[in-house]
Engineer: 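Here it is, the structure, as structure tokens.
Here is how names work: the chains are called A, B, and so on, in the same order as the sequence lines, proteins then strands, and each is numbered from 1.
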2 protein chains.
Amino acid sequence: MTTQRDIARTAGVSVAVVSAVLNGTTHTRMSEATRARVLQAMENLDYQPNQAARSLRLNRTGMIALILHKLDNPVYADLLRGVYGAASEHGGTVLLGDAETMRSSSQFVTRLLSQGTVDGILIRDDQLYDDDVMAELRSHPKPILSLDHDQHHPWVGIDDRRAGEIATRFLLNLRHRRIAFIGGAPGHAFQQRYLGYQHEMQQAGLEPAPHLATGFGEQAGADGLRQALQLPAAPTALVVNNIMSAVGVLAAAHDLGIAVPDQLSVVGIHDVALMQHLRPAVTAVRMPMYELGQAGVHALYDLMAGNPHTSGTITTPEPELIIRDSATTLTNT
Amino acid sequence: MTTQRDIARTAGVSVAVVSAVLNGTTHTRMSEATRARVLQAMENLDYQPNQAARSLRLNRTGMIALILHKLDNPVYADLLRGVYGAASEHGGTVLLGDAETMRSSSQFVTRLLSQGTVDGILIRDDQLYDDDVMAELRSHPKPILSLDHDQHHPWVGIDDRRAGEIATRFLLNLRHRRIAFIGGAPGHAFQQRYLGYQHEMQQAGLEPAPHLATGFGEQAGADGLRQALQLPAAPTALVVNNIMSAVGVLAAAHDLGIAVPDQLSVVGIHDVALMQHLRPAVTAVRMPMYELGQAGVHALYDLMAGNPHTSGTITTPEPELIIRDSATTLTNT
DNA sequence: GTTAGGTGACGTATCGTTAATTCACCGTAG
DNA sequence: CTACGGTGAATTAACGATACGTCACCTAAC
């Protein structure tokens, strides 16, 4: 491993100059010739600054943690790209953690922070909010930013309410009247989506169905469909809160002999590549997850720089309806 | 931030003793009473060792990198769990990287290694092998372990050949004779799976079809199906090399009016939760990805400890056929 | 009474970087 | 001729943890 000392020796200068060249420090001055010599030496010896030493000296590592609820949820794919991209703009590295892992391996996040492994944390975990992990987090001085509407931390979020509105309005425009809203859990971002649904229903002079909060994933979709069918007035259309639940809805509908979209229209919130490869291809509201990742990182760096932060929702780009084949006009047969 | 100095002061000992208590060093001895006092002080002051300082002193960070080809491929979900679990057994942290990101953000991996950010690398990237990134990697002293059959690095792998055999044999037992093999790219692990297919076909006295290497993902499945239909003898069954391609096969079959499994049986290699929620649910060969992750980490730690490594395939558990609804007996109608 | 050996602990150099302080030199103004 | 300011550097003290070398003290053997 080549160190600044090696560079200094071969360039015939002191380590102070090497460090100054590296960091563009104005305090320690040098001539152009000297700077060039140092740069040349760095090139020749393939110098790479030692991160551990920098971290120790500067008391920051240039690493941020991203904690996600379930890493393998495909809606995170774009988020990840956004986060990685923005972090590398800032010269930072991303440490990715799954919230499950976090809970099991004792105080994963806490250790990251207090051991100085990361400079800040980006967190998106819809199920963590009541945990004592959160309490631990709050007791630490390093910034934490939530990628969800959050009452405990600064946050940036996507426009969940708008997504609910868009999905619902689309179905209303297709002349559906009995529209149910399934999936997710109460008290989360999902609540916002339900509010959007509720709002649109009321605007249309209709009674909103209760939120069938069956949870997450494929199974939640199947459960949601079954519960929706028990509703006093069986729905002709469904807003599905969680995109992977849409897969479950399709499967359950198939198993129950319900044709989608002819007998049941389905619109999902969040769009992933998979949706266009299902049959029927699923109409979904695309959320700006890439932008969320970017904005989250920038906001976190802001926070780390000590700037005050105003939490808020990303409004551009807007959630966008991607029309495919799982929803169609209600025919009065 | 609490340091060893603080502990030493409050416990009335020197930092040397604090460090010794922490590390169980035998060199520096102490009485039980002293040790207890130090531990108590650590507890009281909520001491957490500073990672940066340790890394600098010990010249290792306790962090390993895991580089995957496409993070959002669901087959990696179990792998991740295996890796995270095993790493935390070793007291290590995992830095996750996507190979795409790596290529774009200049020399991501190289920097990780030479800046001493990680102690070793676990890599699974089917498309990286001819890249000059690999050349860069090899020029570094820190251990790299591939999670794929690899001619350049030590590796651990799963039994891809066996998976090909199992899928093919299952279809043969269902009386299929014209079986095609689609998806993937030549020269990779996928080659092994094809060899397994080939072997079983020959055992059964049949002519193997050529490997229709249409690549990865859903589109590859659709392309593979179309190419398979062009074959001199149109197949009645398909072995699909990549599980996400199975989704594409199903969609393309639907679009072409081919009923699965009645007109076409499909078996995928690799199993993910999604497969049981598709209609028809996809019969697939489950690969021990969790175990691959574990074994990879253990092997990497072995390597980092300076032990010689013998590359090899994980044979227990064996690839396991999960029978669902996408493959059925060939009826001679 | 001296010393060898064991016990329990301390002092400090070191890892590679950064940044504050110091310093030598030179040209020029007074 | 001296003082002074500017230029271009070098020295060095941290940052926190680790481990080597040292040392004081006590007991017991000779």
Engineer: Rounded to the Å, how far apart are Asp6(B) CG and dA17(D) C1'?
Structural biologist: 13 Å
Engineer: Using 0.5 Å steps for rounding, measure from the CG atom of Asp159(B) to the CD1 atom of Ile314(B).
Structural biologist: 10.0 Å
Engineer: Could you state the CE-P distance from Met42(A) to dG16(C), rounded to the nearest angstrom?
Structural biologist: 15 Å
Engineer: When all nucleic acid strands are considered with a 4.0 Å heavy-atom cut-off, which category describes Thr34(B): base, sugar-phosphate, or nothing?
Structural biologist: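 The residue Thr34(B) makes sugar-phosphate contact but no base contact.
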Engineer: Under 4.0 Å from OP1 or OP2 of dA10(D): is there any side-chain N or O of Ser14(A) that close?
Structural biologist: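 So the side-chain polar atoms of Ser14(A) do come within 4.0 Å of the phosphate oxygens OP1 or OP2 of dA10(D), strictly under.
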Engineer: From the options dA9(D), dA19(C), dA19(D), select the nucleotide whose nearest atom is closest to the side chain of Leu58(A).
Structural biologist: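 When the side chain of Leu58(A) is considered, dA19(C) is the closest of dA9(D), dA19(C), dA19(D).
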Engineer: Under the 3.5 angstrom rule, does the side chain of Thr10(A) hit a backbone N or O of Ile7(A) as a donor-acceptor pair?
Structural biologist: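 Looks like yes, one N/O pair under 3.5 Å.
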Engineer: For Val13(A), report the nucleic acid contact type (base, sugar-phosphate, nothing); a contact means any heavy atom under 4.0 Å.
Structural biologist: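 Sugar-phosphate, backbone atoms only, no base.
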Engineer: Return whichever of Asn50(B) or Ala33(A) has its heavy-atom-nearest nucleotide of DNA chain D closer to the 5' end.
Structural biologist: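 Result: Ala33(A).
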Engineer: Rounded to the nearest Å, what distance is computed from the CD atom of residue Glu32(A) to the C1' atom of nucleotide dA9(D)?
Structural biologist: 15 Å
Engineer: If you check every side-chain atom of Thr3(B), which of dG8(C), dC10(C), dG16(D) has the closest atom?
Structural biologist: dG16(D)
Engineer: Under 4.0 Å between a side-chain N/O of Ser31(A) and OP1 or OP2 of dA9(D), yes or no?
Structural biologist: yes
Engineer: On DNA chain D, check which nucleotide each of Ala53(B) and Ala16(B) is closest to and give me the residue with the more 5' one.
Structural biologist: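 Per heavy-atom nearest nucleotide, the more 5' residue is Ala53(B).
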Engineer: I want to verify a distance call: between dA9(C), dC15(C), dA9(D), whose nearest atom is closest to the Leu56(B) side chain?
Structural biologist: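 For the Leu56(B) side chain, the nearest candidate turns out to be dC15(C).
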Engineer: Looking at dG21(D), dT17(C), dA9(D), which one has an atom nearest to any side-chain atom of His27(B)?
Structural biologist: dG21(D)
Engineer: Starting at CZ of Arg29(A) and ending at P of dC23(C), how long is that distance when rounded to a whole Å?
Structural biologist: 16 Å
Engineer: Heavy-atom nearest nucleotide on DNA chain C for Leu22(A) versus Gly12(B): which residue maps closer to 5'?
Structural biologist: Gly12(B)
Engineer: From dG8(D), dA17(D), dA9(C), pick the nucleotide closest to the side chain of Gln4(B)?
Structural biologist: dA17(D)
Engineer: Which pair of non-hydrogen atoms, one from Ser311(B) and one from Pro154(B), has the smallest distance, and what is that distance?
Structural biologist: OG-CA, 3.4 Å
Engineer: Any Lys/Arg nitrogen of Asp119(A) or Arg60(A) sitting under 4.0 Å from an Asp/Glu carboxylate oxygen of the other?
Structural biologist: no
Engineer: How close or far is atom C1' of dT17(C) from atom CZ of Arg60(A), stated in whole angstroms?
Structural biologist: 12 Å
Engineer: Let me know the distance between CE of Met30(B) and P of dC10(C), rounded to the nearest Å.
Structural biologist: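 Atom CE in Met30(B) sits about 10 Å away from atom P in dC10(C).
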Engineer: What is the distance, to the nearest angstrom, from the CZ atom on Arg5(B) to the P atom on dT12(C)?
Structural biologist: 13 Å
Engineer: Taking CG from Asn59(A) and C1' from dG16(D), how many angstroms apart are they, rounded to a whole number?
Structural biologist: 10 Å
Engineer: Picking from Ile67(B), Ile158(B), Leu292(B), what satisfies side-chain contact (heavy atoms from CB on, under 4.5 Å) with Leu147(B)?
Structural biologist: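 Answer after filtering Ile67(B), Ile158(B), Leu292(B): Leu292(B).
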Engineer: dA20(C), OP1 or OP2 - any side-chain N/O from Thr28(A) closer than 4.0 Å?
Structural biologist: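 Negative; the distance criterion is not met.
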Engineer: Within the 3.5 Å criterion, strictly below it, is a donor on Arg124(A) or Asn73(A) matched to an acceptor on the partner's side chain?
Structural biologist: no
